[in-house]
Number of protein chains: 2
Amino acid sequence: MDNKYEALRLCNQLCFPLYAASKEIIRRYKPVLDELELTYTQYITMMVMWEHGSMSVKDMGKVLYLDSGTLTPVLKKLEQKGFITRKRDSADERVLVVTVTDEGMALRDRALDVPAKIACTLELSPEEAIMLAGILRKIIGEQED
Amino acid sequence: MDNKYEALRLCNQLCFPLYAASKEIIRRYKPVLDELELTYTQYITMMVMWEHGSMSVKDMGKVLYLDSGTLTPVLKKLEQKGFITRKRDSADERVLVVTVTDEGMALRDRALDVPAKIACTLELSPEEAIMLAGILRKIIGEQED
DNA sequence: CTCGATTAAATTGCGTGCAATTTAATCTCG
DNA sequence: CGAGATTAAATTGCACGCAATTTAATCGAG
């Protein structure tokens with residue numbers, strides 16, 4: 001019986017599987033990231049730091065799609081752990097520049113095998129992975145890295 | 001230069017787009033759900049209620065992949081709004097049975113156009129949607145159900 | 001040069017998510 | 001039957017995510 005409520009059924013939605021899959025992947029990261037004593041949000045923040053070395057909170061937010069309300073406490077935590085420094089830009093004191101420390105860069109080597117550990121739990125074919133990445137990029141917006 | 005750190009780059013990951021896409025979709029729900037005065041979590045909970053009418057917290061958790069720590073406050077909020085009732089099962093007092101009210105069922109009609117409103121912002125082809133749903137199911141279901 | 005507008009972070013408040021623990025009810029097995 | 005194991009929710013504590021507001025610095029039109 002496909003009635004007028006059919007569209008409301010959970011199983012017909014894309015949103016819910018997307019939401020559930022996202023949480024499921026973060027769950028799989030947990031044991032791996034626990035060894036580095038990083039949360040998932042701290043991990044993706046460090047990925048940006050490893051790649052860029054130094055960046056304003058605003059730019060970090062653009063890359064990660066997070067605002068200062070989320071980032072400020074995450075960055076303070078990472079500073080506390082010694083992986084980054086937080087310093088106002090002398091040219092514009094409104095801007096806070098985040099910079100990775102030597103200790104932060106050292107962490108990168110300890111994180112080298114994280115992607116492989118996650119990837120091997122996914123069991124997606126390369127074609128599926130490429131297809132998924134493309135569709136997700138379309139949902140997220142367009143620009144990207 | 002694809003060096004040994006290449007795998008760590010944010011753009012090469014699937015996890016991050018998945019996480020970003022999930023948040024992006026929930027963001028798109030917000031204005032639509034605001035009209036119903038529901039959060040996204042409350043909305044998916046009501047979807048289950050509309051479909052099943054009555055269910056234990058445990059079973060609800062299995063469907064939504066959420067535990068009682070998350071569900072208890074959500075269900076209390078929905079009870080407070082008058083959309084559901086919460087009552088211990090007389091046959092087994094450990095079990096709390098959640099049941100949709102008439103007011104809760106009435107909300108269903110007001111939510112009828114929510115899926116269409118979201119779908120039309122996605123701009124995915126039917127093939128892409130089917131492909132995406134399949135891949136996500138694979139990710140979600142790999143070690144459970 | 002100045003004052004209102006704009007901008008970048010920080011702060012506040014609320015609602016998740018989830019691990020870990022607690023409480024209460026039920027089950028199991030001797 | 002009865003004590004320990006198991007189970008279902010609730011509770012506690014922490015870390016997001018994001019809207020809204022606040023604070024401080026800079027910009028820009030007049």
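In what follows, chains carry the letters A, B, and so on, assigned in the order in which the sequence lines appear, proteins first and then strands, with residues in each chain numbered from 1.
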Heavy-atom contacts, protein to nucleotides 11-22 of chain D, under 4.0 Å, summarised as B (base), S (sugar-phosphate only) or - (none) per nt, yield B---SSBBB---
Taking protein heavy atoms under 4.0 Å as touching, what does nucleotides 23-28 of chain D look like 5' to 3' if B marks base contact, S marks sugar-phosphate-only contact and - marks none?
--BS--
Atom [atom1] of [X] to atom [atom2] of [N]: distance rounded to whole Å?
X	N	atom1	atom2	value
B/K58	D/dA10	NZ	C1'	16 Å
B/R88	D/dT7	CZ	C1'	12 Å
B/L71	C/dG17	CG	P	10 Å
A/K62	C/dA8	NZ	P	8 Å
A/L33	C/dG17	CG	C1'	16 Å
B/E37	C/dC14	CD	P	16 Å
B/L38	C/dG15	CG	P	13 Å
B/M60	C/dT16	CE	C1'	16 Å

I'd like to check B/D113 versus B/V32 (side-chain heavy atoms, cut-off strictly below 4.5 Å). Are they in contact?
no
Mind checking what makes salt bridge (Lys or Arg N to Asp or Glu O under 4.0 Å) contact with [X], not counting sequence neighbours?
X	answer
A/R27	A/E24
B/R86	B/E79
A/D59	A/K62
B/D67	none

With sequence neighbours left out, which residue pairs that include part of residues 31-40 of chain B fulfil the salt bridge (charged side-chain N to carboxylate O under 4.0 Å, His left out) condition?
B/K30-B/D34, B/E35-B/K117
Quick one: is D/dA10 close enough that its OP1 or OP2 comes under 4.0 Å of any side-chain N or O from B/R86?
yes
Please evaluate residues A/Y65 and B/Y19 with respect to the criterion ring-ring contact (aromatic ring centres under 6.0 Å, His included), reporting the C-alpha separation (whole Å), side-chain torsions for both, the decisive distance (0.1 Å), and the verdict.
CA-CA 10 Å; A/Y65 305 101; B/Y19 157 87; 8.9 Å; no
Which ILVMFWY residues can you reach from A/V97 by hopping between side chains whose heavy atoms are under 4.5 Å apart?
A/V95
Residues 127-136 of chain A, side-chain donor-acceptor partners within the protein, below 3.5 Å, at least two apart:
from	atom 1	to	atom 2	distance (Å)
A/E127	OE1	A/S125	OG	3.3
A/E128	OE1	A/S125	N	3.0
A/E128	OE1	A/S125	OG	3.4
A/E128	OE1	B/K138	NZ	2.8
A/E128	OE2	B/K138	NZ	3.4

